[in-house]
Protein chains: 2
Amino acid sequence: MSQTVDRALSILPLLAQGPADLGQVADRLGVHKSTALRLLRTLHEHGLVYRQQDQRYRLGARLFALAQEAVENLDIREIAHPHLAALNERIGHTIHLAVYEEGEVLYIDKVESRYPVRMYSRIGKPVAITVAAVAKLLLADLPEPERRALAGKLDYPPYTPRSTPNAAAFLKELATVREQGWATDLGGHEESINCVGAPIRGADGRVVAAMSVSAPNVVVTAEELLSLLPQVRRTADTISREYSGTSPNKDSA
Amino acid sequence: MSQTVDRALSILPLLAQGPADLGQVADRLGVHKSTALRLLRTLHEHGLVYRQQDQRYRLGARLFALAQEAVENLDIREIAHPHLAALNERIGHTIHLAVYEEGEVLYIDKVESRYPVRMYSRIGKPVAITVAAVAKLLLADLPEPERRALAGKLDYPPYTPRSTPNAAAFLKELATVREQGWATDLGGHEESINCVGAPIRGADGRVVAAMSVSAPNVVVTAEELLSLLPQVRRTADTISREYSGTSPNKDSA
DNA sequence: CGAAGCGTTGCGAAGGGTGCAACAGTCATT
DNA sequence: AATGACTGTTGCACCCTTCGCAACGCTTCG
C-alpha cells in the first residue's frame, strides 16, 4: 500500500538469498540505482542491512535482535515453557511448541531431553507442514475455506513412504485430528522419528498453539510413545487453562 | 534518508517491546493514525508484522525466516563450521564463533559438546561484550579511534568480581590481546566458566571472526583449558587460511 | 593512457504520501 | 435501549517527498 516502503522491504528477502551490490539490487527491484541507494541507506541506518568490506550489502545484525525480542514476547510461549520443562523432566523426550501464522507453522520453543536449553535452531525454517503433528493440530482448527485453500496450495514432499501424499489425504487427516483432539506423525518426516501432539486452546476454544513429543523409535516404539498421550494432553490442557483463565496482563508502563 | 521508510522501520523496534495498537503506534511515531495504518499494512504484507486477534500488532514470523536465512549465508560460518565440529570432536567442550558488526558482537555458530547441533539460541542476545573472549579478539583489531570510542560508550556490568571494571582496564586488556594474538575470559561472565579464544583473519590480516572454547571449571581447570590453546589457535589459523586462500566463489546462477 | 565499471550527488518534475474529516463498528455507561 | 467514547477505516485535496536523470569521482581493467 505504500510504494516506497514496499520497495524497501522487498530488498530484505532479496538479500536473504545472499549478498548483492547496488546494481543488482536496483535491477531486481526495477528501480534506478539512486533510488536503490537511498532505500539501502535507510535500511542500513536501522541496522537491517549491513555493508561488508567489498561494498556489497547483506542482512544486518539488528534483524537477529528483533527476531529474538519478538519470540520472547509471545506470551503463550512464556506461559507454556515451565509446563513443557516439567513434562520433559518426567518423560525425557524432545518437546516442541508451535504456532500458526499466515500460512506458516513456526516452532517457538523446544525442550531437549537432558538439555533444558531453549533452542531456536529451527525457528524460521520451513516446518514440514504436511506431516508434523503440531502442524496438523494447528491447521485442523482453521476455518474450513481457509483450510481448504491452504491445503490446495501446499506441496506434499515425499519425505518418507509414510508422508502425507496429497491434499485430499491431508484434509482427511485434518478431519480426523479435529475429531479426536490430538495428532501424530509416525515416521512421516523422518523414517525413524515418531511424534504425538495435542492442541492448546484460548478462552474462545480456538487453537492458539500446539505441542508435541518426539522420539526416535530406537528408543521407544510408536505404541510406547502413544501411551504418553494422556500426559501430553493433560499438559496441553493445563497450559490452555492458564492461558485463557487469568488475565495475563502484560501492559508496559 | 527516506522519510517514509524511516518511519515504517521505526515501528519494528517499537513493537519489539511488546504488542501495540494503532493509536499507540501513531502516537509514538508522531504521525496521524491513517499514516500509521498504511505503514503497518505494508509491513504486514511483507510478513514483518502480525495482527493478533485483539487487533494489536506485533512482530511477524517472516522476521525469523529472514534472520535464519541471513545467518546461513555468512560464508565465514560455512567455512568454519566443519573445523569447529572437528575440534569439538577432539576436546568435547562448547565452541563459539562470533563476528563484530557496528558496535555489536554476535554469535553466529555454536557447537555443543556431544550435541553437534547448530544452536542459534544466543543470536541477537546482547553478548557480554566487555568480558567475552571472542569480543576482546574482535574489538582488539578495530582501528584505534573506533576502538577507543566504542570502549568509552560501553557499560561495564560487574557480572562477577573478575569482570572488566571500566574502559581503561578494557583498553589495556585489548592491547594485551592484540599483542599476544589470543584471549581468555576467566570467570568474567559467570564465576565458574572459563573461555579461551583465537582470531580468524582474512586475506588482508584483519580479524573477520573469532572462536572460543568454553568449559566450566568443575570439568577442567583454567590451566587445563589454557593447555588447549595451541589446538584452538591451530584451528583458527586453518580456518583463516581456507577463508582467505582459495577464492570461495559463491556466485549464484 | 583511455575505457568501462562501480557508487555517489544535485536537481527539477510529478508521483505518492500525508493529515484531515467523516464513517463504521464495538464496548461501557446511563 | 439509547448515548457517548473509543477504536479502526476510508476518500480526498494539498503539498512534501521521492523518483529518474545526468554528471561526477573513483577504481580497475585493457
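On a predicted model such as this, the values are computed, not experimentally measured, just so you know. Chain A is the first sequence line, chain B the second, and so forth, proteins listed ahead of strands; every chain is numbered from 1.
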* Asked: Is it true that A:R148 and A:E144 make a salt bridge, defined as a side-chain N closer than 4.0 Å to a carboxylate O?
  -> yes
* Asked: Separation of B:Q55 atom CD from C:dT26 atom C1', in whole Å?
  -> 10 Å
* To do: Measure across B:L139 and B:R147 and return the closest heavy-atom pair with its distance rounded to 0.1 Å.
  => O-CD, 3.3 Å
* Asked: Between the base of C:dG19 and the side chain of B:K33, is there any donor-acceptor pair under 3.5 Å?
  -> no
* Asked: Atom CG of A:L40 to atom P of D:dC19: distance rounded to whole Å?
  -> 12 Å
* **Nearest-neighbour nucleotide for the B:L22 side chain, C:dG10, C:dG19, D:dT9 considered** => D:dT9
* To do: Round to a whole Å and report the spacing from CG of B:L39 to P of D:dT9.
  => 14 Å
* Asked: What's the spacing between A:R38 CZ and A:R41 CZ if we round to 0.5 Å?
  -> 9.0 Å
* Asked: A:L37 side chain: which of C:dT9, D:dT9, C:dC20 is closest?
  -> C:dT9
* To do: Could you state the atom-to-atom distance from CG of A:D6 to P of C:dG15 in whole Å?
  => 19 Å
* **Phosphate contact (D:dT10 OP1 or OP2) by B:R41 side-chain N/O below 4.0 Å** => yes
* Asked: Rounding to a whole Å, what distance do you find between A:D27:CG and C:dG7:C1'?
  -> 14 Å
* **Nucleotide C:dC11, atom P - distance to NE2 of A:H32 in whole Å** => 17 Å
* Asked: Rounded to the nearest 0.5 Å, what separation is found between the OG atom of B:S2 and the CG atom of A:L39?
  -> 6.0 Å
* Asked: How far does OH of A:Y50 sit from CG of A:L15, to the nearest 0.5 angstrom?
  -> 14.0 Å
* Work out which heavy atom in B:L174 is nearest to a heavy atom in B:A140; give both atom names and the distance. => O-CB, 3.6 Å
Pairs under 3.5 Å (N/O, protein and nucleotides 16-18 of chain D):
from   : atom 1 : to   : atom 2 : distance (Å)
D:dT17 : OP1    : B:Q3 : NE2    : 3.2
D:dT18 : OP1    : B:S2 : OG     : 3.4
D:dT18 : OP1    : B:Q3 : N      : 2.6
D:dT18 : OP1    : B:T4 : N      : 2.8
D:dT18 : OP1    : B:T4 : OG1    : 3.2

* Asked: After noting the C-alpha distance and the side-chain angles of B:L43 and B:Y57, does the key distance pass the side chain to side chain contact (heavy atoms under 4.5 Å, CB included) rule?
  -> CA-CA 10 Å; B:L43 289 169; B:Y57 295 91; over 6 Å; no
* Value in whole Å for how far the P atom of D:dT9 lies from NE2 of B:H44 -> 11 Å
* Asked: For the pair made of CG in B:L29 and P in C:dG19, what is the distance, rounded to whole Å?
  -> 10 Å
